[in-house]
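Residue numbering restarts at 1 for every chain, and letters A, B, ... go by the order of the sequence lines. Everything numeric here is computed off the predicted structure, so don't read it as measured data. Scope of the values below: all heavy atoms of this structure, side chains included, with no hydrogens, waters or symmetry mates.
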Amino acid sequence: MNFTFSDEQILIRDMAERFFRDDYGLEARRRHQALPGGFCRDTWARFADMGWLALGIPEDLGGVGGGAVETAILLEAMGGGLAVEPFLSTVVLGGTLISEGASTEVRADLLPGLAAGDLLLSFAYSEAQSRHDLNDVRTTARADGGGFVLDGVKTVALHAGTADRIAVTARTSGAERDAGGITVFLVDAGAPGVTVTDYPTVDGLRAGDVTLDGVRVGKDAVLGEVDGGLDLAERAVDRAAALAAAEAAGIMAALTRGTVDYLKQRRQFGRPLGDFQALQHRAAEMYVETELTRSLAYMAAVRQDGGDPATARRAASQAKAKAGQAGRLIGQEAVQLHGGMGVTDEMPVGHYFKRLTMIDHSFGDRSYHLERLTDMA
Amino acid sequence: MNFTFSDEQILIRDMAERFFRDDYGLEARRRHQALPGGFCRDTWARFADMGWLALGIPEDLGGVGGGAVETAILLEAMGGGLAVEPFLSTVVLGGTLISEGASTEVRADLLPGLAAGDLLLSFAYSEAQSRHDLNDVRTTARADGGGFVLDGVKTVALHAGTADRIAVTARTSGAERDAGGITVFLVDAGAPGVTVTDYPTVDGLRAGDVTLDGVRVGKDAVLGEVDGGLDLAERAVDRAAALAAAEAAGIMAALTRGTVDYLKQRRQFGRPLGDFQALQHRAAEMYVETELTRSLAYMAAVRQDGGDPATARRAASQAKAKAGQAGRLIGQEAVQLHGGMGVTDEMPVGHYFKRLTMIDHSFGDRSYHLERLTDMA
Amino acid sequence: MDLNLTPEEFAFRDEVRTFLRASIPPAIKRKVDLGLKLVKDDYVVWQRILHERGWIAPGWPKEYGGPGWSPVQRYLFEEELAAASSPRLITFGLKMLGPVLIEFGTEAQKQRFLPRILASEDWWCQGFSEPGAGSDLASLTTRADRDGDHYVVNGQKTWTTLAQYADWMFALVRTSNEGRKQQGISFLLIDMKTPGVTVRPIKTLDGGQEINDVFLENVKVPAENLVGRENDGWTVAKFLLGHERFGIAGVARSKKQMDRLRDIAARETKRGRPLIEDARFRERMAEIEIELTALEMTELRLLSDEAAGRKPGPEASILKLKGTQVQQGITELLLEAVGNRAHVFDPGILEDDWPGAANDGPAIPEYAATVASHYFNWRKASIYGGSNEIQRGIIAKAILGL
Amino acid sequence: MDLNLTPEEFAFRDEVRTFLRASIPPAIKRKVDLGLKLVKDDYVVWQRILHERGWIAPGWPKEYGGPGWSPVQRYLFEEELAAASSPRLITFGLKMLGPVLIEFGTEAQKQRFLPRILASEDWWCQGFSEPGAGSDLASLTTRADRDGDHYVVNGQKTWTTLAQYADWMFALVRTSNEGRKQQGISFLLIDMKTPGVTVRPIKTLDGGQEINDVFLENVKVPAENLVGRENDGWTVAKFLLGHERFGIAGVARSKKQMDRLRDIAARETKRGRPLIEDARFRERMAEIEIELTALEMTELRLLSDEAAGRKPGPEASILKLKGTQVQQGITELLLEAVGNRAHVFDPGILEDDWPGAANDGPAIPEYAATVASHYFNWRKASIYGGSNEIQRGIIAKAILGL
């Protein structure tokens, strides 16, 4: 048992931190947001060059191996860098669905492109009525000839607007909230009947609603088992939840650092704010909560790779619930301790705060994960 | 609409505060606790002399009128004075049950004695399995001739050991948790078959378990309606909950005051603790929470006298839930800010803390009242 | 102690309710109900309706145009305003400068400015905060140098709310560097059309634009626009910041927001049932309702003291502190209520003429469109007007004697 | 990064588990499980069993009698100790003075005291706090004046845990008033049987008696009992307070308490069902389990750093701060779990030989008898050993540089 990074992991971390420190930043982020699709394709190509998109993909398919811990290291750095690129949707959600659910042929067909940065993915599992429950699926997939016909509307799918392929959950049998009867399909974004309404999200990323109107797909579009897709979908979303907690930890660390710097520099009543004990103690709490979240995020990452599924699920929920609670505290405190500067668009703090807040509302919010733990225990 | 005390109410408050400041205190409390029954009969007689036991009783029955607000004023002072006398059990619980549930004859028989300090009462509504639910009654009352025969065990009845009469809830029909079928009986503590196991409580008061073994009572022992006693019992306990919130507010004010005094006087690192901003802000929170609790306690008291029953119930639950939350915060903070002194038996702070804590666990704890509000809304 | 309304109070409330509900323009009501952006005209139109009825300045003495209401009547009026979906009345003239002029102004200042405030003919903004003087207001450095019958003002104000609409600014300026920093400050009225005044918007984290930098470069201000005595502006500022406790808790608006929350929770679903039936969500609503009720009862206690003739004291800090915590707590629940729709950002909601969620737009119902922005934006509540840290300090020092 | 045990670690854990469960005297186990009072003999008997096995001082170097375990092994041992219902090992000799003597002691001091600590032949107490020096430890005033080959000690120590059992006290005393207050402090070993030493119990709010005043009146202490150099005791004290992070989070014991909570919640009822099936109560348990797991993982991260050769740093303050919050949070849930039985106070539980809840006694089940006392008593956890305020200050200053 040990909790230390390997030399290789330290390399990944240092490289990612250096990239976001030197080649990213709030101004770059603004530029990327304004580009078509809301992110920078050149930056994405650099992600590919650095091997980030190949994480978790076997070497014979263009990947570099590695697992959730390496990805968590990257996401922690992306959190600190406020990256807007579609990493979670393409690499984590899409990559997991294909790696774990696709046939050997489809994997060989798609994963090299993913690793090379040529394939963008999205996972549309949410519907207007479903809240955070993946089993609440009204979208239907009717067997037709050798394939299926899909109808329904999926909502708030991260980066759906730029995705080349969109994974969707659809009901192949059963009633609206049944756990069985759900199938995951990988749909071509340009297929007849697919319409994506793309829009910005409040934290500066993009998402989209996906309308499926009589969309025909072949049998090879099925990821995982017909009628048995819920488990695959939940594994992918749990992995995203665990890794989003790592991204959140990166943001928390940046907010704590930024707040401490601000307290040192800003003077009020003739001395630096950092001299005021009440503020010192609150900064200390921010630090403690950051470290606790980071600990759970890495635990959850470790648990996502192999091992007992119930342990993986519980760890993801613990990390995500903690990220929600600590994120709310740290985001609110960072803004408050920045005073008037905290609510402007000019300083990074507001942008971190928004992204951190929306992480809580992605992949199940704190209430959802607490309830899941409650049901589980 | 107004929220001011009348001149008469101010008189009551000033008299009570003076009494507890001049004639009570931690040493007196210790002496009272060591007396048989765990309180001081002479002090009880003085309560009677001052008219405190006659509050809420009509003037023609030896009372002085007045209502819940006057009683709340008294209880707030008793909180500050850390009184151990059986006021809540005799005057609030017992008095309400008799005033609202007894026949004209029984009222005329008992209330003058109550007002004069000659009659001590207890209300035994709790059972081992019932938690905070008044409808969870296993004790039975079997109709027998003109009267009833009672069997069962009631637990943690405040001041049961010194009570002359004990009101008990018993099931005259229905199943264990039915709302109907419960009847309140007023039982002579010395009646054959009644056994009281008296014990100290952790906050320095007394309580008892009451065993009823074939206890025979007449029809005149019934308070309220046969089978319809739950409403009467809940009204009495709600009133106690609202007034216990006032007692809690008195304790909170004393703890805040005591903590502020301690912070001013105790020096660390070359200056008074009160100079440390982090501690100032925490003392400010204690003050704010005290005032909020006080506001709800008086609102709840006002609502207990007449008016809409649902409004009365909601107000009692809001006040009691708030007292639970604020009490925990203030009690813990007071101990923490007193440092090592806070956990000794010598300083008042620990005694206030214990009483405040146990108020949360009397008449329904915070969780119970929150759930009740949730069910109600 | 009596929490019931008297028959007269009932009648008053009904009169107010009937008028407000009949008079509020539906387009304005819709914006308020959905939390959309209000523009200058919305405020002015509505305030003039209230002015015509004589109700625009409940806190002003009758001789200056106030309605002469009791504290209870003012409380009821606030309640009904919020319940009728009234926009917040712009406080700068009505609740800040007006009372200041009544207390400190010359007769000429009163006659010149007060009627125009009542009629919403002048829009005022507040020039207090500076880049180097936030919570530590007295360290301000904007200078006003006397030059004949004028002051020449140089400096920068910031965080100036709605300065883009303002005709006038009341400002704290430094007229002397001698003595303690609280000395040497003066209270000056500045015409925003004077040459040398530049307003630059500051974008806030929710994407909105309510606050501004105001640059003052050799701005000539007639000496007659000094309020109170020169170098005695700190007294005026303290009066301004401390005298008004009505409404600072925001109870009436928080009640209205709780209604909105219940409405949204009734429309949103969880596990196939309306969210409002979920016991855990209900419990969180119950918790915040306890705090809101406690706040309201505390406000009523303080109002009763005031009605009984007691002067407003530092206890009002409770109202500001707890009031913003309750408001912010409600925005958190609203955000949670809309689930992952919280992500959706429709930039149109920042425009004056948002048509509503288009049917072919993102899957966000109209009621949810502003919830996230509102959550982000409302963090300001615990920062401005004396941050919560300042309020705790006031309580610790002025009430507890620490 | 690997959270699974290696086969060797599994084997080690099994060996420890088997031994501990077989060796713990049932009477001691019962007291621990019910939270009853332990007396000196309970501790000594058990510690000698561990000593015989060679496991009493996991943190000591092998040459002084430690078992030579890795950090992971020590972690597993702590886990198994708690799971086996071991009493807390008395830390004063084993975790405080022992390492101090190994670092600073003379050869004679080591040979004299270390074996007796291992064998639980000497019971040590800690003489740090004074009535005027709590969190501000360095302001202590107990004086030690050199007189030939002795020091003469005068002063008062307070909050001295279990001094009533102690044979010896290690104390901080003032040997000089020159320079900063941290200078001029010395670290002295005092035989409690020396004339002039008086122990007076301090009753705590839960009715227990664990802490004491210790009065020192002209107490003659041989100069050879000075540890480290004269006037350099602050260095020794800082080493003592900072060097040990193992176990300060109390993770293993908190896990054990969570088991106890689950057990009690399974026996208590709510609305006719076991409390443990109540969704709201379960949610509160889940919340605290998240914190406990986060704490454990943080401890493991720090231990991994240590195993990799990094020196213990101020991060250990997280463990103390959060550890006590988790412990206290569990005591709150335990208190809530027992409902209104929490009121019942059976003074017998404070006695050495409590027979258990008598059938004819108050209606309190054995498992609930100590819950309220425990809640009250455990408030001390965030006060002693560096209060939570001190820990926050350490984090702010030593980690964040504020």
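- Separating the CD atom in C:E296 from the CG atom in B:L292 is a distance of 12.5 Å, to the nearest 0.5 Å.
- When the candidates C:L295, C:L300, C:I276 are compared by the number of heavy-atom contacts under 4.5 Å with chain B, C:L300 comes out ahead.
- Ion pairing between B:E289 and C:K322 holds under the 4.0 Å rule for side-chain N and carboxylate O.
- Only the side chain of C:L321 comes within contact range of chain B, judged by heavy atoms closer than 4.5 Å.
- The candidate with the highest count of non-hydrogen atom pairs below 4.5 Å against chain B, out of C:I395, C:L400, C:I318, is C:L400.
- Listed options B:R303, B:Q325, B:Q9 were ranked by heavy-atom pairs under 4.5 angstrom with chain C; first place goes to B:R303.
- B:S295 and C:R301 get closest at one heavy-atom pair: OG-NH1, 2.8 Å.
- Contacts between C:Q325 and chain B at a heavy-atom distance below 4.5 Å involve the side chain alone, from C-beta outward.
- Contacts from residues 3-12 of chain C to chain B, taken as heavy-atom pairs separated by less than 4.5 Å, involve C:L3, C:N4, C:L5, C:T6, C:E9 in sequence order.
- Of all non-hydrogen atoms in B:M1 and C:V72, the two that sit nearest each other are O-CG2, 3.3 Å.
- Separation of atoms CE (B:M376) and CZ (C:R282) is listed at 11.0 Å; rounding is to 0.5 Å.
- Counting only heavy atoms from C-beta outward, the side chains of B:L296 and C:T293 approach each other to under 4.5 Å.
- Scanning all heavy atoms of the two residues, the minimum distance from C:A286 to B:T374 falls at CB-OG1, 4.2 Å.
- Of the listed residues C:A294, C:A307, C:A308, the one with more heavy-atom pairs under 4.5 angstrom with chain B than any other is C:A294.
- Interface remark: C:I399 contributes side-chain atoms only to the contact with chain B (heavy atom separation under 4.5 Å).
- In this structure, chain B has a heavy atom under 4.5 Å from the side chain of C:Y75, while its backbone stays farther away.
- Expressed to the nearest 0.5 Å, how far CG of C:L402 lies from NE2 of B:H281 amounts to 10.5 Å.
- Under the 4.5 Å side-chain criterion, counting only non-hydrogen atoms from C-beta, B:L373 is in contact with C:I290.
- The shortest distance between side-chain heavy atoms of B:Q318 and C:E291 does not fall below 4.5 Å.
- You'll find the side chain of B:Q277 stays beyond 4.5 Å of the side chain of C:R392, heavy atoms only.
- Ranking C:M297, C:E287, C:R262, C:M285 against chain B, the residue ahead of the rest is C:M297, based on heavy-atom pairs under 4.5 Å.
- Contact of C:Q391 with chain B is not made at all, since no heavy-atom distance falls under 4.5 Å.
- Closest of all the heavy-atom pairs between B:F3 and C:M1 is O-CE, 3.7 Å.
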